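These numbers come from a predicted model, not from an experiment.
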Amino acid sequence: MRVEALTGTIGAELFDVHLGAVAEDDDLLAEVRRLLLQYRVIFFRDQDITRAEHVAFARRFGELEDHPVVGSHPDHPGLVQIYKTPESPPERNENSWHTDATWRDVPPMGCVLRCVECPPVGGDTMWVDMVEAYRQLPEDIKAKIEPLRARHGIEASFGAAMPIEKRLALKEKYPDAEHPVVRTHPETGEKILFVNGSFTTHFVNYNTPANVRFGLDKAPGSTQLLSYLVSQANIPEYQVRFRWRKNSVAFWDNRSTQHYAVMDYPPCHRKMERAAIVGDRPF
């Protein structure tokens, strides 16, 4: 297996390896896990694998989870079908920086995404290294956010365009989650900036004497700080961009990255299938 780094910060392409074989080889699997932790997102080309092989590979890293809004393949629970057609409504969730499902108490550990069909040009996906984003923060900001916790919700993203009854039912079934603003990677011990513009709504413990002199300070102080933290995903030095081809696969560590599906290809078809792997509670 040959490894080629794609940037100085994040992303690598792996050659001469078949994911069906990796699922059956403990040594290969351990090497893929090591590379995932090192590069945050790893890419494979020409993976002409079956859905069963896709699921089998992802399951070597943990159980799979369904998505409450986007449906799974009927024969493969946990294999979410993200299919876009020229008739699809404008997207409001994929084409923004986000970490998958932080509205869950236990967000996914990682995701394995395979391209079934893609436009001749456009439809790339970008990833950003949130370990590096945290590492490069000014020291006074690091000290300020270390104790902070934030709410993450599904209601204002996937639920926003729903009728009010359906939106409220979605929130009741999936109530807001609370996570540390700086989480610790459970395998590497690295610190990660763990807020995103799609699902993070507000800090829950900002209103303290250390941060707020008068009530008037609370809203602008916390909102401006959250906006600043969310904006760190926009820095190109922390990013990698991947151009899809049929049977290309991306496997990313959802704990330490955000991603963005670039919606620059209509009117075309873009068909992707994703297996999300159950993770652990952020700490």
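Of the possible polar contacts, one joining the Asp264 side chain to the Gly123 backbone as a donor-acceptor pair under 3.5 Å is found.
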Check step by step if side-chain hydrogen bond (donor to acceptor under 3.5 Å, both in side chains) holds for Glu155 and Tyr174. CA-CA 9 Å; Glu155 180 186 21; Tyr174 299 96; over 6 Å; no

Could you walk me through whether Lys246 and Asp46 pass the salt bridge (Lys or Arg N to Asp or Glu O under 4.0 Å) check? CA-CA 7 Å; Lys246 182 178 180 180; Asp46 304 317; over 6 Å; no

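A side-chain donor-acceptor contact under 3.5 Å links Trp244 and Thr125.
The cationic atom of Lys191 (NZ for Lys, CZ for Arg) does not lie both less than 6.0 Å from the six-membered ring centre of Tyr134 and within 45° of the ring axis.
Across all their heavy atoms, Leu64 and Pro77 have their closest contact at CD1-O, 4.4 Å.
Judged as a salt bridge (Lys or Arg N to Asp or Glu O under 4.0 Å), not a single pair has a partner in residues 74-83 (not counting sequence neighbours).
Each of Glu190, Met130, Arg255, Arg281 was evaluated against Arg183; a single residue qualifies, Arg255, per the side chain to side chain contact (heavy atoms under 4.5 Å, CB included) test. Applying side chain to side chain contact (heavy atoms under 4.5 Å, CB included) to Asp253 and the options Ile10, Leu37, Ile277, Asp129 leaves one that passes, Leu37.
At a threshold of 4.0 Å, the pair Arg2-Glu13 does not count as salt-bridged, since none of the basic side-chain nitrogens sits closer than that to a carboxylate oxygen. Ion pair Glu117/Arg270 not flagged as a salt bridge, since none of the NZ, NE, NH1 or NH2 atoms sits closer than 4.0 Å to an Asp/Glu carboxylate oxygen. A salt bridge links Glu65 with Arg104: at least one charged nitrogen is closer than 4.0 Å to a carboxylate oxygen.
Residues Phe15 and Phe44 place their aromatic rings such that the two centres sit no closer than 6.0 Å. Between Tyr260 and His98, the gap from one ring centroid to the other reaches at least 6.0 Å. Aromatic pair His259/Trp252: centroids less than 6.0 angstrom apart.
Phe43 and Phe242 have parallel rings, their planes meeting at less than 30° on a 0 to 90° scale where 60° marks the start of perpendicular.
Judged as a side-chain hydrogen bond (donor to acceptor under 3.5 Å, both in side chains), and not counting sequence neighbours, Glu237 has no contacts. Listed by chain and residue number, His76 satisfy the ring pair (Phe, Tyr, Trp, His ring centres under 6.0 Å) test with His73 (two or more places apart in sequence, or in another chain).
Val182 and Val106 fall into different hydrophobic clusters, defined by Ile, Leu, Val, Met, Phe, Trp and Tyr side-chain heavy atoms under 4.5 Å apart, directly or through other members.
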